[in-house]
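Data first, discussion second: the structure below is written as structure tokens.
Counting from 1, the numbers follow the sequence of the chain as shown.
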Amino acid sequence: MPIRLKVIPTDEPEGRAYQYEFDSDRSQILIGRRSGVDVLLPDRRVSLIHSRIDRRSGEYYLCDEGSSNGTRLNGFILKTGEPLRLRAGDRVSLGGFTLEVDLRLTEMNARLEHSTSMTRRMVLGILERLGPGESQPHLTVLDGPQQGARFSVGEAGRTYFLGRGSQGELRLEGIDVAHGLVGLVRDEMGVTAREMSAKVSLNEKVIGGARALVDGDLLKIDGIRLRYSDPAEVYLKKLEGGEVAENPYRKEARREGRGEMVLLTAAVLTVLLSALGLWYVISWR
């Protein structure tokens with residue numbers, strides 16, 4: 001007998017819901033907030049491996065894995081390591097989510113959504129509540145006449161053209177029209193860049209077709225650089241409890257900024273030393 005888990009964020013019970021389905025061949029289902037679990041819940045109140053569901057002799061059992069904030073089954077908190085049998089209609093509460101259990105299934109859905117895609121949708125919902133634009137992947141112009149400008153890739157399922165001219169929804173100044181057109185396609189897994197003309201590179205390499213963008217990637221169009229940022233990707237990495245592995249091209253941009261600061265500091269010190277030297281000569285006389 002398969003099992004379906006309907007995941008409902010507790011702060012929006014009438015809003016979005018996310019559905020996981022597992023067939024009867026699955027002997028164990030891990031629930032937590034680290035990558036690799038079967039049901040990934042993006043909430044710091046959820047432990048890395050929070051609880052698990054075991055299938056034994058055709059029945060499903062829920063067990064808390066020593067989580068920090070506990071697991072509740074129909075309002076009752078579970079003792080660590082002591083499994084309780086699940087029944088259709090049960091409600092499991094952990095962190096900021098409620099999982100509704102459905103065991104009365106005759107068949108599985110023909111198309112199951114990838115768990116990573118589902119988790120990203122949960123994260124986008126969380127980030128959207130933090131403020132306008134917080135959830136949107138975007139590109140920041142690092143140099144050229146539009147330095148500092150930010151282009152958001154906000155709508156899933158749509159292709160954005162980055163370049164110049166009538167087709168450029170994301171208009172980039174200072175480039176040759178023939179050399180600056182890139183298609184950006186957003187879906188629930190992130191943003192994919194498709195090269196549409198010459199002189200377009202990703203992390204100093206020619207794209208050569210379609211490439212999925214990663215937070216911190218450096219896109220260059222006819223000599224103008226743009227840095228890609230993905231808030232959902234950063235949020236998911238931080239949830240796992242470790243440091244975010246920084247993209248080397250993001251570090252490169254920071255090094256350039258630090259280099260400019262060092263030169264400015266050296267210039268200020270030179271002026272101060274000159275002034276002190278002049279003051280010493282005048283006072284000595």
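Here the CZ-CG distance, from F76 to L84, works out to 10.5 Å after rounding to the nearest 0.5 Å. To the nearest 0.5 Å, atom CD1 of residue I31 and atom CG of residue L5 are 6.0 Å apart. Note that CD of E59 and CD1 of I3 are 10.5 Å apart. Values are rounded to the nearest 0.5 Å. Once rounded to the nearest 0.5 Å, the distance linking CD of E21 with CZ of R4 reads 4.0 Å. Between D54 atom CG and Y60 atom OH the span is 11.0 Å, to the nearest 0.5 Å. Expressed to the nearest 0.5 Å, how far CG of N203 lies from NZ of K220 amounts to 10.5 Å.
Shortest non-hydrogen contact noted between D217 and A212 is OD2-O, 4.2 Å. Smallest separation of non-hydrogen atoms from I224 and P145: CD1-CD, 4.5 Å. Nearest heavy-atom pair, R72 versus L78, reported as atom, atom and distance to 0.1 Å: C-CD1, 4.2 Å. When every heavy atom of G70 is checked against every heavy atom of D64, the shortest pair comes out as C-OD1, 3.8 Å. In this structure, P42 and L40 approach most closely via the heavy-atom pair CD-O, 3.6 Å. Taking each heavy atom of Y61 and P83 in turn, the nearest pair found is CB-CB, 4.0 Å.
Within the 4.5 Å cutoff, the side chain of V214 has no heavy atoms near those of the D230 side chain. A heavy-atom distance below 4.5 Å is found between the side chains of L86 and L73. Between L62 and R85, the closest side-chain pair of non-hydrogen atoms is not below 4.5 Å. Within the 4.5 Å cutoff, the side chain of L162 has heavy atoms near those of the L219 side chain. Put simply, the side chain of I8 reaches to within 4.5 Å of the side chain of E100, judged on heavy atoms. With a 4.5 Å cut-off on side-chain heavy atoms, L41 and Y18 do not count as touching. Counting only heavy atoms from C-beta outward, the side chains of L213 and L202 approach each other to under 4.5 Å.
Cluster membership check: V182 does not share its hydrophobic cluster with V185, using side-chain heavy-atom separations under 4.5 Å among Ile, Leu, Val, Met, Phe, Trp and Tyr.
Salt bridge status for R26 with D38: present, with a side-chain N to carboxylate O gap under 4.0 Å.
Between the side chain of S47 and the backbone N or O of S68 there is at least one donor-acceptor pair closer than 3.5 Å. Checking side-chain atoms of H138 against main-chain N and O of R227 turns up no donor-acceptor pair under 3.5 Å. At distances below 3.5 Å, not a single donor-acceptor pair connects side-chain atoms of S27 with backbone N or O atoms of R55. The backbone N or O of L94 lies less than 3.5 Å from no partner atom in the side chain of N69, so there is not a single donor-acceptor pair. No donor-acceptor pair under 3.5 Å is formed between the side chain of N74 and the backbone N or O of D90. At least one donor-acceptor pair under 3.5 Å links the side chain of D43 to the backbone N or O of G96.
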Open item on the list: Applying side-chain contact (heavy atoms from CB on, under 4.5 Å) to K6 and D102, what does each step give before you reach the verdict?
Closed with: CA-CA 8 Å; K6 184 179 180 181; D102 189 354; over 6 Å; no

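The cationic atom of R186 (NZ for Lys, CZ for Arg) does not lie both less than 6.0 Å from the six-membered ring centre of Y160 and within 45° of the ring axis.
Counting only N and O atoms by type, the side chains of R150 and Q136 include no donor and acceptor under 3.5 Å apart.
For the pairing with L226, the side chain to side chain contact (heavy atoms under 4.5 Å, CB included) check across L218, T140, L142, V141 returns one residue only, V141.
At most 12 non-hydrogen atoms from other residues, nucleotides or ligands lie less than 6.0 angstrom from CZ of R194.
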